[in-house]
Amino acid sequence: MKVYNHKKIEKYWQDKWESDGLYTPDVKNSKKPFYNLWMFPYPSGEGLHAGHAFASTGSDIYGRFQKMNGMDVFQPFGYDSFGIHAENYAIKINENPREVIKRTTKNYERQMRSLGHGYDWSRTVTTSDPDYYKWTQWLFLKMWERGLAYKKKAAVNFCPSCKTVLADEQVMTPKAAGKDPKDKNGKVLKNSDDLKVCERCGTVVEKKNLNQWFFKITDYADRLLSGLEKIDWSERVSIAQRNWIGKSKGMIIKFESEMGELEVFTTRPDTLNAVTFLATSKLYKEGEIIKEKIGKFSGKHVTDPLTGRKIPIWDTNYVAPGYGTGIIMGVPTHDERDMEFATKYGIDIVKKDPDKKLWDTIEKKKWGKKHTNFHLRDWLVSRQRYWGAPIPMINCPKCGWVPVAEADLPVKLPEIKDYKPEGTGKGPLANHEEFYKVKCPKCGGGAERETDVMDTFVDSSWYFLRYPSVGAESSKSKAFDPAITKNMLPVDLYFGGAEHSVLHLMYARFVNMVMYDLGLLDHPAQGGPASGWDEPFPKFFAHGLMIKDGAKMSKSRGNVVNPDKYVEKYGADTLRLYLMFMGPMDGYPDFRDSGIEGMDRFLRRVWKIFTGNRDIHIKPNQVDSPKVLSKLHQTIQKVTKDIQEFKYNTAIASLMELVNVLYKEGKFTNTTKEVLVKLIAPFAPHMAEEIWQEVLDQSDSIHIQTWPKWKEEYLKEREAIIIVQVNGKFRGQFVVDAKESTDQKKMVSIAKRDKKVAKWLKGAKPKKEIFIAGKLVNFVV
RNA sequence: GUCGGAGUGGCGGAAUGGUAGACGCGAAGGCCUUAAGAGCCUUUGUCAUUAUAUGGCGUGGAGGUUCGAAUCCUCUCUCCGACACCA
C-alpha cells in the first residue's frame with residue numbers, strides 16, 4: 001500500500017493547480033460565471049487563525065461544488081490592509097504600517113495557500129496599494145459629484161486612545177466589541193453594557209464637536225430598506241439591517257408656545273388626545289447612561305391644538321436630541337416611559353383611547369404633517385489618522401472645497417516618520433506642509449489639501465467590484481472594466497461573518513447603489529439588459545464564529561488557534577474536514593484538538609479503499625451489492641442537498657456512512673469508487689486529486705469533473721422496515737420487500753401476527769389503524 | 001426594555017409530525033502484535049428486573065393539540081446575540 005504523505009502531496013497539487021490555471025477563469029468571456037466571494041480579511045500580525053480557516057473553507061467548498069457543476073468559478077482573495085486595525089498593530093510594535101503590511105500579507109498568502117483553497121491568485125487586491133486606493137479616492141470624487149459627500153461640524157464619537165473619530169457603527173458595548181473596557185488612560189474598567197467603547201481598542205468613546213466628512217447614506221435609506229426584500233440573505237442579517245435603518249412612520253406636529261412653534265415627531269399621532277406635557281432633550285448628556293429620568297419644568301407652555309389647553313414643557317434627560325426633532329409629546333397613558341416621568345413629577349395623566357382619525361384631522365387642520373424618520377445616520381468617513389487613503393479634496397480660501405482632478409489621482413500617501421496620531425483633532429498629515437500646501441485646481445491660488453484620510457470601510461465598500469478587473473488592461477484607466485463587470489457581477493454567493501451585518505454590508509450596498517445610479521453597472525441606460533442590478537450581493541450567507549474554550553478567539557485572551565500546526569501535522573484536508581464537521585456552518589463551534597484524529601482516521605480509510613489494504617477486503621468479481629447501490633445514491637443526494645444548504649457537517653457524516661458500508665460489504669464497482677472520490681473532492685481536494693490522477697490514473701483534474709447525479713430508482717432500499725406501534729408506542733418492527741410495503745391490508749395483518757404486538761393488543765380489536773406507507777403501522781386501542 | 005437565536009448522552013452534534021441520540025470524539029472489551037502504536041471487530045442514554053430479554057423513564061420546566069411531539073400551540077425558566085429611554 002502506498003503511504004499518503006500529505007506534506008508532499010498537498011504542496012504538489014497546489015502548485016500544479018496554479019500552473020495549470022485551474023482557478024483562473026476567463027472573466028470576460030465566461031459563459032457560466034460564478035462569483036464566489038469570501039469577505040477579505042485584514043492582515044493582522046498574528047496571522048490567520050482557525051476561525052478564518054473555518055469560514056474560508058466553508059466558502060471554498062461551495063465554490064468547488066459549483067465548479068463541478070459546470071460553473072466557471074471565480075474565487076478571489078485579498079487584503080483589507082488600510083486602516084486603523086493594521087495601523088494600531090504597527091504602532092504597537094513600533095514599525096511603519098507599510099513595512100508591517102508587506103510582511104503580514106505575505107504570511108497570510110502562505111497560510112491561505114496551504115489550506116488548498118481554489119483562489120485565483122492572479123487577481124488579488126490590497127487596499128493600501130496606490131493602484132487600489134487611487135480608485136477609492138475616485139469613489140470619493142463620485143460621491144462629491146453626486147452631492148453625496150459633504151463636510152460639516154457635528155458631535156461625533158471620538159476614541160481618545162485611537163485618537164480619531166469613529167462612525168456610529170464602530171461604537172458598541174464592550175461585549176459586542178469583544179474587549180475589556182478601558183478609560184482613556186488605559187485603565188481597565190468594570191465591564192458593563194452601559195459603556196460605549198471603540199470597536200477596535202475597547203476604550204470608552206467621547207463626544208466631540210468636529211468638522212468632518214460624511215457620505216449621505218441617508219438619501220438611500222428607503223432603497224436600502226426595500227432592497228432587502230429582493231435579496232436572499234440570512235434572516236438575522238436582514239433583520240439587523242432593517243433595525244439599523246430603523247424606519248418609523250409618523251408625523252411632525254407643531255405646537256404653539258410663548259417662544260414660537262415647537263415641532264414634535266411622533267409615531268403615535270392617534271394619542272394626541274392624551275398628551276399632557278412636552279419633553280425636550282435639554283438635560284440629555286451624550287454618552288451618559290440614564291439610570292433615572294430627571295426633568296425640570298421650563299416655565300413655558302405650549303397649546304394643545306386639540307383642546308386649546310396649556311400644557312407644560314419639561315426639560316428632561318431621557319429624550320435623545322439626535323432623533324426626530326429632539327422633543328417628544330408626553331403621553332403617560334400610552335407610553336411607559338412618559339408614565340414613569342409623569343408619575344415622578346406629578347404631571348397630569350389623561351386617559352383617552354387612541355383615535356385613528358387624528359392622523360387625518362391633524363393633517364387637515366394643518367397642525368402637522370406626515371413624516372418618516374430613520375435611525376440611520378450619515379456615514380462619517382474622515383479619520384484623523386495616517387494609514388488610509390487621503391481624501392482627495394482641496395480647500396481654497398476663494399473657491400471653497402475643490403475636488404482633485406481625476407487625472408491627478410492618486411493623491412499619494414506620503415512616507416512619513418511621525419505617523420502616530422496625536423489627538424489634536426487633525427491627522428498626522430497636517431504636520432506636513434509638503435503634503436498639504438498646494439495650488440487650487442480652480443483658481444491657481446494657494447490652497448490646502450484635506451489632511452484626514454478615509455475610513456477603512458470606504459476601502460472595503462467596493463473591493464468586490466475591482467476583483468474581476470484586476471490585471472485587465474482597462475484597470476489602469478478605470479476602477480472596474482465595464483464588460484468584465486457586466487459578465488461577473490453581481491456576486492453570486494457572498495460568504496462572511498454576521499458581525500458585518502450593519503457595517504460593511506450596509507456601506508457596500510450603498511456604494512453599489514451609487515455606482516448603479518451613475519450608470520457604471522449593468523444599467524439600462526448603458527444599453528445593457530433591463531435587468532440592471534443595484535444590489536451587489538443577491539445571496540449572502542452569514543457563517544458563524546469559531547470560538548475556543550468558550551470565548552471568541554483573541555490575542556488578549558491567548559486562545560488563538562493557529563491552523564499552521566494542524567496543516568503541518570495532519571494536512572490541510574484533515575483540518576478542512578474537521579473544521580466543517582464540528583457543527584453547522586452558521587454555528588459557534590468550539591475548537592478542540594480531540595476530534596481531529598477522527599477525521600485523519602476517516603481519510604486514511606478512504607485512501608485504503610483505493611490503494612488496497614488487508615483492513616478492507618474488496619471481493620473480486622466486482623459488482624455493487626444492493627446495499628452499496630442504494631447507500632451510494634442516498635449519499636449523492638444527501639451530500640448534494642447538504643452542500644446547497646451549507647450543512648457540511650451532515651454531508652461529511654453521510655460520506656462516513658458510505659465508507660462504513662463499503663468496508664462492511666466489500667463488494668463494489670470502480671464506478672462507485674469514482675463517485676465516492678468526486679463527492680469527497682470539495683472537502684478534501686488534495687487527497688481526491690491524488691486518488692483521481694495518481695491512483696485511478698485519470699488525466700484531468702478531479703475538480704473539473706461532473707458532479708455525480710443520484711437516480712431515484714436506486715434510492716429506495718429493496719427491503720423496507722415497518723415500525724409497529726400500539727397507541728403510538730414502539731412495540732415491534734418487521735422487514736418486508738419494499739414493493740409490498742405500501743400494501744396497507746398486508747402490512748396490518750403482518751403487524752397483528754407479531755407476537756409482541758399481539759401481546760399489547762390483547763386480542764382486542766383496535767379502534768383505529770393508522771398506516772403510513774412503507775413506514776409504520778399504529779394500532780389505537 | 002424591544003427584536004432575534006438556542007436549550008437533546010461524558011463531549012461536538014443528528015433527527016422539522018412517525019424507531020430520539022445519525023456521524024464523530026471519548027470510554028470499555030476483543031482480535032492482531034514479542035511489545036507498543038496503528039488497524040480491524042464488538043459494546044456504549046438512563047433505571048429496574050427473573051438480564052443475548054422485557055419493561056419504565058428520557059430532548060430546560062409545566063400544560064395543550066394529535067393515533068403519535070425534540071419537532072406544532074400556550075405559559076415559564078436559563079443562556080447567547082443584535083439594537084436600545086428611537087418617542
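Each chain gets a letter, A, B and so on, in the order the sequences are listed, and its residues count up from 1.
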Any salt bridge linking A/Glu363 with A/Lys369? Criterion: basic side-chain nitrogen under 4.0 Å from a carboxylate oxygen.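 Salt bridge flag = no for A/Lys369 with A/Glu363.
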Is a salt bridge present between A/Glu665 and A/Lys667, judged by a nitrogen-to-oxygen distance below 4.0 Å?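 No, this pair does not count.
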[X] [atom1] - [N] [atom2] separation (whole Å):
| X | N | atom1 | atom2 | answer |
| --- | --- | --- | --- | --- |
| A/Met339 | B/C85 | CE | P | 22 Å |
| A/Gln241 | B/A82 | CD | P | 15 Å |
| A/Glu597 | B/C25 | CD | P | 9 Å |

Tell me which nucleotide among [options] gets nearest to the side chain of [X].
| X | options | value |
| --- | --- | --- |
| A/Ala240 | B/A22, B/A82, B/C40 | B/A82 |
| A/Ile772 | B/C23, B/G18, B/A87 | B/G18 |
| A/Tyr318 | B/C85, B/C23, B/G24 | B/C85 |
| A/Lys664 | B/G18, B/G39, B/U42 | B/U42 |
| A/Glu657 | B/C23, B/C40, B/A15 | B/C23 |

Using a 4.0 Å heavy-atom cut-off across all strands, classify [X] as base, sugar-phosphate, or nothing.
| X | answer |
| --- | --- |
| A/Gly246 | nothing |
| A/Gly324 | nothing |
| A/Gln725 | base |

A/Val780 vs A/Glu336, nearer the 5' end of RNA chain B by closest nucleotide: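 Nearest nucleotide further toward 5': that of A/Glu336.
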Need to verify one output field. Residue with the more 5' nearest nucleotide on RNA chain B, A/Ile770 or A/Phe374?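 It is A/Ile770, whose closest nucleotide lies nearer the 5' terminus.
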How would nucleotides 4-13 of chain B be written as a contact map, 5' to 3', with B for base contact, S for sugar-phosphate-only contact and - for no contact, using protein heavy atoms under 4.0 Å? -------SBS
Below 4.0 angstrom from OP1 or OP2 of [N], is there any side-chain N or O of [X]?
| X | N | result |
| --- | --- | --- |
| A/Arg604 | B/G39 | yes |
| A/Arg242 | B/C3 | no |
| A/Asn660 | B/G24 | yes |
| A/Arg601 | B/G37 | no |
| A/His334 | B/A87 | no |

Can you tell me, in whole Å, how much space there is between the P of B/G63 and that of B/A70?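 It comes out at 15 Å once rounded to the nearest Å.
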For the base of B/C67, is there a side-chain donor-acceptor partner from A/Asn778 under 3.5 Å away?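 By the distance-only test, yes, there is a pair.
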